[in-house]
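Take a look at the structure below.
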Amino acid sequence: MARALVLGQEERGDRFEGGRLAALKRLQRGKQIMAAETFDLVISGGTVVTAEQEVDADIGITDGRIAAVAPGLRGQDEIDATGLLVLPGGVDPHVHFSTIDPPGTPGWVDDFWSGTRAAAAGGITTVGNMIYPWPGQTLLQALERDRAAAERDAVIDVAFHPVLTDPATQPLSEIPTFAELGHTSLKFFMSFGGFASTPEPYLQAMRAAKDAGMLTLIHCEDAALLADAMFVLVASGRTAPQFYPESRPVTVEVAATARAAAFAEQTQAPTYVVHLSSAGALEEVRRGRARGAPMWIETRPMYLFLTEERFAEPDAGKYFGQPPLRAPSDREALWQALARGEIDTVATDHAPWLYADKTAPGLDITTIPPGVADLDVMLPLLWSEGVISGRISRQRFVAASSTNAARLLGLYPRKGTIAPGSDADLVLWDPADSRPVRAATFASNSDYSPYEGWPVTGWPRMTISRGEIIVRNGQVDARRGRGQVPRRERIKSL
Ligand SMILES: [Zn+2]
């Protein structure tokens, strides 16, 4: 297992981009077997784009799964995709949807209904939601709470990451049960006080997760450094939004990322760094990987598209996230790492609020809630700023927005690719559609976007989930509760 998880850059490339021969064989087999068959649905005339290759082919879908990828297919229903690209549906491993909030707790403004509609509108067909146990709940109780909410409301498929916040009341003995139930990940925050005061149980949790074939997600900001930075700012009265970057400087992320690398190295637990934002933190993962730490990296749209000068704007609260926006040199380092495959995934970290929640008079760096709503526009922005601008290839786009996350979630090749046997989770992508971001059109309940008015080229024309058309031309038409909670494989099968 250790060998399989200690990935040098070459192996990482092979693992995520290999399988080309197998894919070609599947295509040829499809041509031979499927010629006479009639499928439920055929998507014809498009260019099929995966993380490995592109091929002009039709896609035959039966019973919600891809049955063939070959020319000349016939179906009971047919969609003409001439001039369009057909991509695997996006897999966004990092979102925050509210369920029923405990009394007195202000929550994110999307639940599984509006949140998964926003994802679908943006070309995403699977999301991974963070589960926070309420005070006194165990992780399994929180899982059942969110599973019920997702099965009632979700329109696309949902994975869950339970968040370990209090090992005193959330017994680590539950961790193997998650994997048995098909939920193969666990998250914790180095920025939380509980971790800072007593970190040992989190190392034990990582070992338990590793032994159960689970991925450990870590929020890398150091709690002591955060507290000290905030103390200095509050003591000197510098709490206006413009001071936000100083409250969570790069040092805070670098220190925690170095520690996460050491945790990963010592436990050999597969470790996923969420929302990495800086060149310094990237360098710590490089060092960890070079020592054999099994690590993967996620970044998010804000760090690829925006930089810290934004905090000088009068409504700077709308840019607040944890970590904050960084310097232009950090942004450039992230793009290069994404292009090279050192960054594995781009996830929204969708944490939706209303504009007023973020910018009301009197709010300051101690009270502005973190997070933005990006599900409706992450893929179009990544296409426009990444592929159209020449920073990343189409294959890298698919790898970072779908395939790699599907692997890390234990859902590949059911999700994250276009091949016979895979779920028919597809996006018909119009690479020439050019129009600006307008939050007023969002399916999310959030009412603003940090990218309002940005020109974007490349938008989803249609989103298909398990063979059902759930979005056409931006209009979501999906039955509430049609989403499923797929059983995920243990990560040792990566
Ligand atoms: Zn998050």
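Note that ligands are numbered from 1 as they come in the structure, with each ligand's atoms numbered from 1 the same way. No hydrogens, no waters, no symmetry mates; every other heavy atom, side chains included, goes into these values.
- Taking 2.8 Å as the criterion, H275 does not count as a coordinating residue of the Zn ion (ligand 1), since none of its N, O or S atoms falls below it.
- A centroid separation of 6.0 Å or more is found between the aromatic rings of Y319 and Y244.
- The closest approach of D349 to the Zn ion (ligand 1), by N/O/S atoms, is made by OD1.
- Remark: the T345 side chain and the Y272 side chain contain an N/O donor-acceptor pair separated by less than 3.5 Å.
- Using cut-offs of 30° and 60° for the angle between ring planes, the H350 and F97 rings count as perpendicular.
- Counting backbone and side-chain atoms alike, H219 contributes no N/O/S atom closer than 2.8 Å to the Zn ion (ligand 1).
- Aromatic ring pairs are classed by plane angle as parallel below 30°, tilted from 30° to 60° and perpendicular above 60°; the pair F263 and F195 is tilted.
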